[in-house]
There are 2 protein chains.
Amino acid sequence: MHDTDTSLKDARRIELLNMASELLATKPTASLAEIAEYAGIGKATLHRYFASREALILALGYRALALVTQAISASQPEQGSATEALKRIIEALVPLGDKLYFLLREPLLETHADFVAAESASQLPILALIQRGQASGEFKHDLSAEWIVHYLDYALFATWQSLYDGNLARRDAARVLITTLFGGIVTSPS
Amino acid sequence: MHDTDTSLKDARRIELLNMASELLATKPTASLAEIAEYAGIGKATLHRYFASREALILALGYRALALVTQAISASQPEQGSATEALKRIIEALVPLGDKLYFLLREPLLETHADFVAAESASQLPILALIQRGQASGEFKHDLSAEWIVHYLDYALFATWQSLYDGNLARRDAARVLITTLFGGIVTSPS
DNA sequence: CCCAAATGAGATAAAATAGTCTCAAAAGAG
DNA sequence: CTCTTTTGAGACTATTTTATCTCATTTGGG
């Protein structure tokens, strides 16, 4: 068993996760047979990579959290103003919709305390960033930082869904989200 | 068969819908047996009121749309400024979370073209209101009215979920949502 | 080219759930 | 109080989906 062996299996595993999250985003109740067919493999092979549906979903969930964590840290949340840092994070997260959107509608994950805890932990950097922005006066302080983080999550889901539905162009998505989230829908009293 | 007979059956049917939407909000995959138990009735009786799971879910969906339509029209969306009208609508919709939140996670409804069309139709008054607000200069015109309506939906879901999780008090919910949605998270440059 | 490992297709359990049916008990109208 | 209707509990069937297993075929390393 060489390095390339594990690399190939890992790569295929990742590709399976990509296909699965893609399908589950549009059809949360897809059966394993449908997932296998969508990924172009046999269901037996799917089972060789993921012992059960639960194992697949959990792998998808943790992979999603890892992607979020990586996107956040790559955006250097502690660099520059909180506003600019949050913009960078949003621009990094919006393109990940294919791999994250299924989280909204997958009931299995919230029954796993470990996963829920990991999910909260993955958002801590954003929470810290919001608090930093509140302390610097950039973000509103009459809204709790926890609420803002939660609201941001849903604003991202709204964006991803608009992308799926074709009501938002990829190149516009992050900008539209940032405009709406940052400044709201009411015209500024300028 | 007197009027009271149908009234009583109707009342019970509505109570069943209430219990079902309440349970499905927290457990979207609840079986019919679980729903019946949660409502305190036998599963045979549940089947007497709703022939199938699909019939139950559709009844829930259409009831939800009716509640939205009613809440909107009771808020008189064409009275006063668009901003004030939208505030009234949001204040009317926030308390309906128990009966509407399940919509976000119910996969069955989006497969029914009729329902999807009815859902769009139920939001037309809000769309018109947003457009009115854009024309009057109250709402941003560099965001599409469709996007704002869609974003509002998700902001409502975010609020309802915070209420379920106990992270938002009932009396604060509408105010917090309105603040965040209308003015965003960034401090106004006053 | 050869061979071990991985794969795909499908048969076959095993499990969960939707939906039906029966019957005794409860509820409600008059 | 009596009779009709509705209900609840549970047995039972049908259906769907997960999970296992077999075996011929394919793939890729050496």
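Here the structure is a predicted model, which is why all the values come from computation and not from measurement. Chain letters run A, B, ... following the sequence lines, proteins first and then strands; every chain starts at 1.
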Value in whole Å for how far the [atom2] atom of [N] lies from [atom1] of [X]:
X       : N      : atom1 : atom2 : answer
A:Leu16 : C:dG8  : CG    : C1'   : 14 Å
B:Glu54 : D:dT15 : CD    : C1'   : 15 Å
A:Arg48 : D:dA19 : CZ    : P     : 15 Å
B:Lys43 : D:dA9  : NZ    : P     : 11 Å
A:His47 : C:dT12 : NE2   : C1'   : 14 Å
A:Ile41 : C:dT7  : CD1   : P     : 8 Å

> Taking only side-chain nitrogens and oxygens of B:Arg12, does any of them come within less than 4.0 Å of OP1 or OP2 of D:dT7?
Replying inline: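 Yes, B:Arg12 has a side-chain N/O under 4.0 Å of OP1/OP2 on D:dT7.
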> Would you say D:dT7 has OP1 or OP2 under 4.0 Å from some side-chain N or O of B:Tyr49?
Replying inline: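 Yes, within the criterion.
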> At their closest point, which heavy atom of A:Ala59 faces which heavy atom of A:Phe50, and how far apart are they?
Replying inline: CB-CE2, 3.7 Å
> Which is it for A:Glu15 and A:Arg12 under the salt bridge (charged side-chain N to carboxylate O under 4.0 Å, His left out) test, yes or no, and what are the steps along the way?
Replying inline: CA-CA 5 Å; A:Glu15 187 53 25; A:Arg12 186 157 201 201; over 6 Å; no
> Out of curiosity, B:Asp153 CG to B:Leu93 CG, how far, rounded to the nearest 0.5 Å?
Replying inline: 9.0 Å
> Counting only heavy atoms not in B:Gln70, do more than 12 sit closer than 6.0 Å to its CD atom?
Replying inline: no
> Looking at residues 23-38 of chain B, who's got a heavy atom less than 4.0 Å off DNA chain C?
Replying inline: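 Contacts with DNA chain C under 4.0 Å: B:Ser31, B:Leu32.
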>> Closest-nucleotide mapping onto DNA chain D: is B:Gly40 or A:Arg53 further toward the 5' terminus? I mean the 5' end.
In response: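 Nearest nucleotide further toward 5': that of B:Gly40.
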>> Strictly below 4.0 Å, N to O, side chains only: are A:Glu91 and A:Arg88 in salt-bridge contact?
In response: no
>> Is it true that B:Ser52 and B:Glu54 share a donor-acceptor pair across their side chains at a distance under 3.5 Å?
In response: no
